[in-house]
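First comes the structure, then the notes that go with it.
No hydrogens, no waters, no symmetry mates; every other heavy atom, side chains included, goes into these values. The structure presented is a predicted model; accordingly, all values stated were derived computationally and were not measured. In the text below, chain A, chain B and the rest are named by the order of the sequence lines, each starting its count at 1.
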Amino acid sequence: MIQVQNLRFTYPNAQIQAIKGVDFQVAQGEIFGFLGPSGAGKSTTQRIVIGLLKGYQGSVQVMGEEVREAKSSFYEKIGVSFELPNLYSKFTALENLRFFGSLYSGKTQDPLQLLQRVGLADAANQPVAKFSKGMKMRLNFCRALLNNPDILFLDEPTSGLDPVNGKNIKNIIQEQQQLGKTIFLTTHNMTVADELCHRVAFIVDGQISLINSPTNLKVSKGEKKVRVEYGKDGASEEREFALAGLADNQEFIQLLRSKSVQTIHTQEATLEEIFIAETGRNLV
Amino acid sequence: MRFVAAFTHDVRFQFRHRFYYAYLLLTIIYILTLWYIPSFLKSDVLILILFSDPCGLGFFFVGGMILLEKEQNTYDALFVTPITVHQFLFARICSLALLAISASVVIALFAAGNGQFSLGLLVTAIALSSVCFTLFGITLAVRVRTLNQYLIGSVVYSVLFIPLLQFFGIISHPFLSILPTWPSLQLIRASFGQEPFRIDSLLILLIWTGIAYIWAYKWFRHYILEKLGD
Ligand SMILES: Nc1ncnc2c1ncn2[C@@H]1O[C@H](COP(=O)(O)OP(=O)(O)OP(=O)(O)O)[C@@H](O)[C@H]1O
Ligand SMILES: [Mg+2]
């Protein structure tokens, strides 16, 4: 669905390239995560892929079309939600969705149903100016789904949301994927990426350092250890054992028998730890 | 019918942000002014008011709209739909021209009376002036973030208003007649029979409108869609 080859981009008046030769592909039905610290070039790449920034070098094809030449019909088939709310504040949620819906020639989804799906049905007739940040983000998300797009571009879709609403949005993203939609997700949030993405790309300083599935990454980079926490009355101690051969590890068995065990955990590297190890950079 | 959707939305946006009330208030003030001033001044003041309405207000109202839209961040959402910049600009200039034309015709009817002016010519003059100065306003608004910056920037555009000095008979120069405000003034006066109608006024104003459109389109793409400002 998306093919990016040797993409380079320099902002006018900038000394260095913001994007320094990026390659990736996203297949239909895939949830692809684009992860990197602030200033890495995520938004720039997204703005190029959705056809807004035209002065790039290299090739970016979306649904077989070079986006530099994208016509207005291109936008009938994609849905985009941005990191910041972008709605008409003197209009109600419903009026906002109806207006944006009226700009598509194809069939659009029922705005009320979308609002219901993200828990905003009660606020449908309230002006957006009265919305909290989280409510605006959910409305933003609805707007991206209006035209039933084949590809969804989501920039930090769960930022500013409480856990329940965050979970709900994640469920909708997975539902969309099951309907065959392709999803391009940009985020700082490794947990979200880990839960949702089939593959992730790590981007730092305008370059992709690695593309792989979260599971592969954790299996290949994770430490295979078990940590046991034991003790009594607040005076707890912990020890680590190799996961391999654990059943025959006498020390481990002895500990289970003799001490009062509080917790046992396998030590998986989180995606965040892998990111830091791979790129030498923090994700903030 | 994306143009219709965008146009209707613009009109509603102007209502919600009380542009119509501001216009109504100004129109009432203008009418009262024209009512009470001495009659020997009346026709000149009427021409000035009718001129300032599309040219001055058009310029500032479009600035207000764009700054509000920037603040609400709505362009991001708008330009990932199939709407084009051309459709957006057409909707914007038409909605503001509608406001300017309604106000001007009401003022002319109250101040001069029905039958005292050529409605067709007045509407043409106001519509073209409004479109031209709305487009100039866009070229400034896309570059600034705050009302203050807009006001400071508008000083540069005040060059376009130098022909007003020619209107008052303070200075006179052939060059001034090719700035867009002169044909605008000339056409408004012609609609009241104060001067003959001149086709070259119409042409000059049309050419300026074309230039302003291309300029507004280019800068709108550059500063708003591609966000290549700063
Ligand atoms: N309009 C612009 N003009 C000039 N330089 C820009 C512009 N927008 C971004 N940049 C620069 O390009 C680089 C990439 O920025 P970009 O916004 O793509 O990062 P990001 O990964 O999206 O960061 P964040 O996580 O903070 O959103 C940065 O160095 C930034 O300073
Ligand atoms: Mg960004």
Side-chain angles (χ1 to χ4, degrees), chain A residues 9-14 43-44 46-56 70-92 95-106 108 127-129 136 139-140 142-144 146-147 149 152-153 155, chain B residues 1-22 61 64-92 95 142-143 145 217-230:
Chain A
F9 185 81
T10 313
Y11 282 102
N13 308 326
S43 300
T44 307
Q46 175 166 322
R47 289 182 76 79
I48 292 170
V49 178
I50 62 178
L52 290 178
L53 274 177
K54 309 250 187 209
Y56 61 86
K71 298 277 170 309
S72 93
S73 59
F74 174 68
Y75 295 101
E76 302 275 359
K77 295 173 288 186
I78 67 167
V80 188
S81 89
F82 291 90
E83 194 175 355
L84 295 171
N86 35 38
L87 301 145
Y88 294 97
S89 55
K90 298 260 176 175
F91 288 75
T92 68
E95 286 170 334
N96 265 284
L97 292 184
R98 288 212 173 113
F99 167 61
F100 286 111
S102 70
L103 300 172
Y104 295 96
S105 4
T108 49
V128 170
K136 287 182 192 164
L139 186 52
N140 249 7
C142 287
R143 189 187 44 67
L146 265 177
N147 56 327
L152 267 171
F153 294 87
D155 199 348
Chain B
M1 283 311 350
R2 272 188 285 279
F3 167 78
V4 177
F7 174 82
T8 323
H9 185 258
D10 263 7
V11 173
R12 296 180 79 194
F13 184 92
Q14 288 155 10
F15 255 107
R16 295 279 163 99
H17 286 280
R18 304 184 190 285
F19 284 41
Y20 272 82
Y21 304 104
F61 274 138
M65 283 183 84
I66 290 181
L67 289 179
L68 282 168
E69 286 168 320
K70 277 188 170 181
E71 189 185 301
Q72 296 169 18
N73 223 354
T74 55
Y75 292 132
D76 273 350
L78 196 58
F79 292 107
V80 295
T81 75
I83 197 171
T84 63
V85 174
H86 290 300
Q87 287 163 340
F88 172 84
L89 290 177
F90 267 86
R92 181 59 41 95
S95 65
V142 295
R143 301 195 60 172
R145 286 244 141 240
Y217 177 80
K218 292 230 141 116
W219 278 18
F220 195 91
R221 278 207 68 91
H222 187 85
Y223 290 103
I224 304 277
L225 254 66
E226 309 207 348
K227 294 200 174 158
L228 297 179
D230 313 316

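For Arg145(B), the side-chain contact (heavy atoms from CB on, under 4.5 Å) partners are Lys70(B), Gln149(B), not counting sequence neighbours. Asp10(B) pairs by the salt bridge (charged side-chain N to carboxylate O under 4.0 Å, His left out) definition with Arg92(B), not counting sequence neighbours.
For a residue to count as touching a neighbouring chain, one of its non-hydrogen atoms must lie under 4.5 Å from one of that chain's; by this rule Thr84(B) touches chain A with the side chain only. In this structure, chain A has heavy atoms under 4.5 Å from both the backbone and the side chain of Arg12(B). Within the 4.5 angstrom heavy-atom criterion, atoms from both the backbone and the side chain of Ser105(A) approach chain B. In this structure, chain A has no heavy atom under 4.5 Å from any part of Leu68(B).
Shortest non-hydrogen contact noted between Val80(B) and Tyr104(A) is O-OH, 4.0 Å. Scanning all heavy atoms of the two residues, the minimum distance from Leu103(A) to Ala5(B) falls at CD2-CB, 4.2 Å. Summarising the geometry of Phe79(B) relative to Leu52(A), their closest heavy-atom pair is O-CD2, 3.6 Å, with the distance given to 0.1 Å.
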Between Phe100(A) and Ile83(B), is a side-chain contact (heavy atoms from CB on, under 4.5 Å) present by the stated rule, with each step listed?
CA-CA 10 Å; Phe100(A) 286 111; Ile83(B) 197 171; over 6 Å; no

So Lys90(A) and Glu71(B), salt bridge (Lys or Arg N to Asp or Glu O under 4.0 Å) or not? Walk me through it.
CA-CA 12 Å; Lys90(A) 298 260 176 175; Glu71(B) 189 185 301; over 6 Å; no

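Distance CZ/Arg98(A) to NE2/His9(B): 13.0 Å, rounded to 0.5 Å. Note that CZ of Arg221(B) and NZ of Lys54(A) are 5.5 Å apart. Values are rounded to the nearest 0.5 Å.
In terms of heavy-atom pairs under 4.5 angstrom with chain A, the leader among Leu225(B), Asp76(B), Val4(B) is Asp76(B).
Under the 30°/60° scheme for interplanar angles, the aromatic rings of Phe91(A) and Phe13(B) are found to lie parallel.
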